[in-house]
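Reading through the structure tokens given below for one structure.
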Amino acid sequence: MDDRQFRNAMGKFATGVTVIATEVAGEEVHGMTANGFMSVSLTPKLVVISIGEKAKILPKIKESNNFTVNILAANQQELSMIFAGQLKEHKEVIFDRLDGKPVIPGAIAQIACEVSAEHVEGDHTLFIGKVTDIHLEDAEPLVFYSGRYRSLKEDQPVTV
Ligand code: FAD
């Protein structure tokens with residue numbers, strides 16, 4: 001099995017798109033696009049994110065010990081591209097605050113977390129986040145599938 005086949009297989013799992021954000025005291029807020037995110041536990045309320053070993057945000061989360069997960073709306077594809085380094089020009093992004101942590105305005109879910117554990121697995125670090133606050137907006141999600149951005153609206157209704 002080669003890397004391409006593994007990537008293609010993982011890309012068959014349709015996901016939402018998040019921007020993970022964190023802030024080290026005295027530095028600019030740093031964001032990164034990620035779909036390696038899932039819910040872990042209800043009691044206590046825990047989530048997990050998966051951050052590549054080369055990502056600049058990795059040492060920042062270790063230092064700040066907190067992060068936010070911002071689930072993007074269908075009209076926020078440009079933000080996903082900004083925080084994935086897919087745009088050539090630098091665009092300024094204004095952050096709101098939730099529980100004192102930086103969050104993306106207009107995200108359909110803003111989830112503030114304190115790091116409760118971290119596990120290095122292969123070339124990624126899994127951060128378990130204890131959820132400290134949540135803010136929700138009623139809008140359609142941005143979807144990522146097979147390496148492309150999608151929206152729920154373009155899909156056909158499911159027939160049973
Ligand atoms: P950088 O390369 O420094 O930052 C990424 C970009 O964000 C840069 O262009 C930077 O200018 C911009 N940026 C950062 N902060 C700000 C700010 N305050 N204002 C304006 N711009 C800012 N990688 C993973 O590790 N885990 C995943 O789960 C994951 N999922 C992904 C899902 C999708 C759909 C995509 C497209 C990419 C995913 N990636 C994932 C890859 C990851 O987004 C990129 O490799 C990213 O560029 C690495 O970010 P970095 O922390 O090294 O930061």
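For ligands, and for the atoms within them, numbers begin at 1 and follow the listed sequence.
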- Item | Short side-chain to backbone donor-acceptor contact, Asn70 and Val103, under 3.5 Å |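 Answer holds: no.
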
- Message: If we ignore hydrogens and angles and just use 3.5 Å, is the side chain of Gln110 paired with the main-chain N or O of Ile104 as donor and acceptor?
- Response: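 Checking the backbone N and O of Ile104 against the side chain of Gln110, a donor-acceptor pair under 3.5 Å is found.
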
Check each heavy atom of [X] against ligand 1 and say whether those closer than 4.0 Å belong to the side chain, the backbone, both or neither.
| X | value |
| --- | --- |
| Ser80 | neither |
| Glu92 | neither |
| Tyr145 | neither |
| Phe144 | side chain |
| Phe37 | neither |

Check [X] against [Y] and note the closest heavy-atom contact, atom names and distance.
| X | Y | value |
| --- | --- | --- |
| Ile61 | Ile20 | CD1-CG2, 4.1 Å |
| Cys113 | Gly129 | CB-CA, 4.0 Å |
| His135 | Leu98 | N-CD2, 4.0 Å |

- Task: In sequence, state the C-alpha distance, the side-chain angles, and the governing distance for Tyr145 and Lys12, and then conclude on side-chain contact (heavy atoms from CB on, under 4.5 Å).
- Result: CA-CA 6 Å; Tyr145 174 68; Lys12 298 295 179 197; 3.8 Å; yes

Using a 4.0 Å cut-off to any heavy atom of [X], which atoms of ligand 1 qualify?
| X | result |
| --- | --- |
| Ile57 | 51 (O) |
| Gln86 | 36 (C) |
| Gly52 | 24 (C), 25 (O) |
| His90 | 20 (C), 21 (N) |
| Tyr149 | 36 (C) |
| Phe95 | 18 (N) |

Can you pull out the closest protein heavy atom to [atom]? Residue, atom name and distance to 0.1 Å, please.
| atom | value |
| --- | --- |
| atom 28 (O) of ligand 1 | Gly36 N, 2.9 Å |
| atom 16 (C) of ligand 1 | Phe83 CE2, 3.4 Å |
| atom 44 (C) of ligand 1 | Ala84 O, 4.0 Å |
| atom 18 (N) of ligand 1 | Val29 O, 2.8 Å |
| atom 26 (N) of ligand 1 | Ser50 O, 2.8 Å |
| atom 15 (N) of ligand 1 | Gly31 N, 3.2 Å |
| atom 2 (O) of ligand 1 | Lys56 NZ, 3.7 Å |
| atom 24 (C) of ligand 1 | Met32 CE, 3.2 Å |

- Task: Consider every N or O of Asn35 and every N or O of ligand 1, then say whether any pair is closer than 3.5 Å.
- Result: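 Among all N and O atoms of Asn35, at least one is under 3.5 Å from an N or O of ligand 1.
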
- Message: Within this structure, what is the CG-OG1 distance for the pair Leu142 and Thr15, rounded to the nearest 0.5 Å?
- Response: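 With rounding to 0.5 Å, CG (Leu142) is 8.5 Å from OG1 (Thr15).
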
- Thr18 OG1 to Asn35 CG distance, which is reported to the nearest 0.5 Å: 7.5 Å

- Message: Under the rule for salt bridge (Lys or Arg N to Asp or Glu O under 4.0 Å), what residues qualify as partners of Lys56, not counting sequence neighbours?
- Response: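 Lys56 satisfies salt bridge (Lys or Arg N to Asp or Glu O under 4.0 Å) with no other residue.
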
- Any pair counted as salt bridge (Lys or Arg N to Asp or Glu O under 4.0 Å), so long as it reaches residues 21-49, sequence neighbours left out: Glu23-Arg97, Glu27-Lys60

- Of the listed options (Ile82, Thr33, Ile51), which comes nearest to atom 39 (N) of ligand 1 when hydrogens are ignored and any heavy atom counts? Thr33

- Query: Which of these, Glu27, His30, Lys91, has its nearest heavy atom closest to atom 4 (O) of ligand 1?
  - Reply: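 The residue whose heavy atom sits nearest atom 4 (O) of ligand 1 is His30.
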
- salt_bridge(Lys101, Asp99) N-O dist < 4.0 Å: yes

- Please check if atom CD in Glu92 has more than 12 non-hydrogen atoms from other residues, nucleotides or ligands closer than 6.0 Å.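 No, the 6.0 Å shell around CD holds no more than 12 heavy atoms from other groups.
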
- Message: If you count heavy atoms of other groups shown closer than 6.0 angstrom to CG of Asp3, is the number above 12?
- Response: no

